[in-house]
Amino acid sequence: MRRHPGGAADFRAVLPGHLITAVRRRGKYLWWALDDGDAVIAHLGMSGQFRVNGSPAPSLPPAPGEAPSVTEAIRHPHLRIRFTFDDGGPDVDFLDQRTFGGMSFAPGGADLPQEIAHIARDPLDPDFSLIAAVAAIRHKHTEIKRALLDQTAVSGIGNIYADEALWRVKLHGARPTEKLTRAQGRAVLTAAAEVMDEALAQGGTSFDALYVNVNGASGYFDRSLAAYGQADRPCPRCGTPIRREPFMNRSSFSCPRCQPRPRPARGH
DNA sequence: AACCACACCTGTTCGC
DNA sequence: TGCGAACAGGTGTGGT
């Protein structure tokens, strides 16, 4: 509840009596649209997950002094919020190990919460405009990978899918956006959409208990990654060992041969 | 206005 | 064996 004004007590107080009428997303944000026009926003951050109660998870006894939960259901060490419904449906749990994720209540936010309005549509959104996204990226004065991670031109792309998309179109992430051709812009965004499509078909990327669907199942797209996390392993295209470079306090992975660094811009 | 470094987090792995 | 450092990374914020 770090971002919810009023904190946990207020969040708990405003929810009862609402009916969820739709579930929507914008980039990596999700929200429940409520019948009176309000919304319940969620972002999974790095390690957040929604779980439908009854799905397998490591169990833990109630904390000392705490009564057993009403449902006698899963007590998970990273359980942060439990939603119960009076229509008899299963509980929904919000779990988060590293707490980069969170939830908040957004009055009037059913269509699009104002705190999310700056997030662009993602490539899988039915209303995504490739033309507009390419124009927005080329308009920026930065490097292509930074533009991909910045969610205001195109959303939904994180460190993994940025590296995979750049590898597919043979571009180094340090390429300046203002010198990117429209064709290159279209190509990298199309590649990003394809990577995300393929990853979704396999249930997501990480084979790890942190990254699961509402039923607790993990994906296995990590076996298909060409560049990300593949340092010193051969590029699937040319065999050159994949390189790892520090980038914004994290890492970038690329093929030194397929994705040569751009020449440093020369002053005149 | 636009861009960028940084804080926020916890659990795991690595090096000494 | 033990301990601290490094690492994983999305986003809001404050500084430039």
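Lettering of chains follows the sequences in order, A, B, ..., and the numbering in each one begins at 1.
- Atoms CZ (A:R3) and P (C:dG10) sit 15 Å apart, rounded to a whole Å.
- The heavy-atom pair separating A:D96 from A:S47 by the smallest distance is OD1-OG, 2.7 Å.
- Salt-bridge annotation for A:R51 and A:D93: absent, with no side-chain N of the basic residue lying under 4.0 Å from a carboxylate O of the acidic one.
- Two end axes, each from the C1' atoms of five base pairs, can be drawn for the helix from B:dA2-C:dT16 to B:dC16-C:dG2; they diverge by 60°, to 10 degrees.
- Atom CG in A:D163 sits about 11 Å away from atom P in C:dA8, given to the nearest Å.
- The two residues A:G7 and A:M1 make their nearest non-hydrogen contact at C-CB, 4.1 Å.
- Proximity of the aromatic rings of A:H78 and A:F94 is defined here by a centroid distance below 6.0 angstrom, and this criterion is not met.
- Separation of atoms CE (A:M46) and CZ (A:F100) is listed at 8.0 Å; rounding is to 0.5 Å.
- Residue A:D122 contributes atom CG, which lies 12 Å from atom P of C:dT11 at whole-angstrom precision.
- Between the P atom of C:dG10 and the CG atom of A:D96 lies a distance of 13 Å, rounded to the nearest Å.
- Of all nucleotides in DNA chain B, those with any atom nearer than 4.0 Å to a heavy atom of chain A start and finish, going 5' to 3', at B:dC3 to B:dG11.
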Donor-acceptor pairs under 3.5 angstrom involving side-chain atoms of residues 156-167 of chain A: please list them, not counting sequence neighbours.
unit_1	atom_1	unit_2	atom_2	d
A:N159	OD1	A:K145	NZ	2.6
A:N159	ND2	A:S251	O	3.0
A:Y161	OH	A:T205	OG1	2.6
A:D163	OD1	A:K145	NZ	2.6
A:D163	OD2	A:F253	N	2.8
A:E164	OE1	A:A226	N	2.8
A:E164	OE2	A:A226	N	3.4
A:E164	OE2	A:A227	N	2.8
A:E164	OE2	A:Y228	N	2.7

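- Near DNA chain C, meaning a heavy atom under 4.0 Å away, the residues from residues 98-112 of chain A are A:R98, A:F100.
- Scanning for salt bridge (Lys or Arg N to Asp or Glu O under 4.0 Å) contacts around A:R138 gives an empty result, with sequence neighbours left out.
- Across the interface with DNA chain C, nearest-nucleotide mapping of A:M46 and A:I119 shows A:M46 to be the residue nearer the 5′ end.
- Not a single donor-acceptor pair, N or O on each side, falls under 3.5 Å between the base of C:dG12 and the side chain of A:R2.
- A:R243 pairs by the salt bridge (Lys or Arg N to Asp or Glu O under 4.0 Å) definition with A:E245, not counting sequence neighbours.
- Judged as a side chain to side chain contact (heavy atoms under 4.5 Å, CB included), and not counting sequence neighbours, the contacts of A:A22 are A:R24, A:A33.
- Ring orientation note: the planes of A:W32 and A:F83 are nearly perpendicular, at an angle over 60° on the 30°/60° scale.
- For A:S155, the side chain to side chain contact (heavy atoms under 4.5 Å, CB included) partners at least two apart in sequence or on another chain are A:I119, A:D122, A:Q151.
- One interatomic measurement links the two molecules: CD1 of A:I160 to C1' of C:dA8, which rounds to 9 Å at whole-angstrom precision.
- Linking Ile, Leu, Val, Met, Phe, Trp and Tyr residues whenever their side-chain heavy atoms come within less than 4.5 Å places A:F50 and A:L34 in a single cluster.
- The stretch residues 125-158 of chain A comes close to DNA chain C through A:Q151, A:G158, each having a heavy atom under 4.0 Å from the strand.
- Other residues, nucleotides and ligands place no more than 12 heavy atoms under 6.0 Å from the CZ atom of A:R233.
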Below 3.5 Å between N/O atoms, which protein atoms pair up with nucleotides 3-7 of chain C? Just atom names and distances, please.
none

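- By the side chain to side chain contact (heavy atoms under 4.5 Å, CB included) test, A:I41 is found to be paired with A:Y29, A:W31, A:S104, A:A106, A:P113, A:E115, A:I116, residues two or more places apart in sequence or in another chain being considered.
- In plain terms, the two heavy atoms of A:P234 and A:G239 that are nearest each other are CB-O, 3.5 Å.
- If you take CG of A:L30 and C1' of C:dG10, they are 13 Å apart, rounded to a whole angstrom.
- Not counting sequence neighbours, A:D197 has no partner by the salt bridge (Lys or Arg N to Asp or Glu O under 4.0 Å) test.
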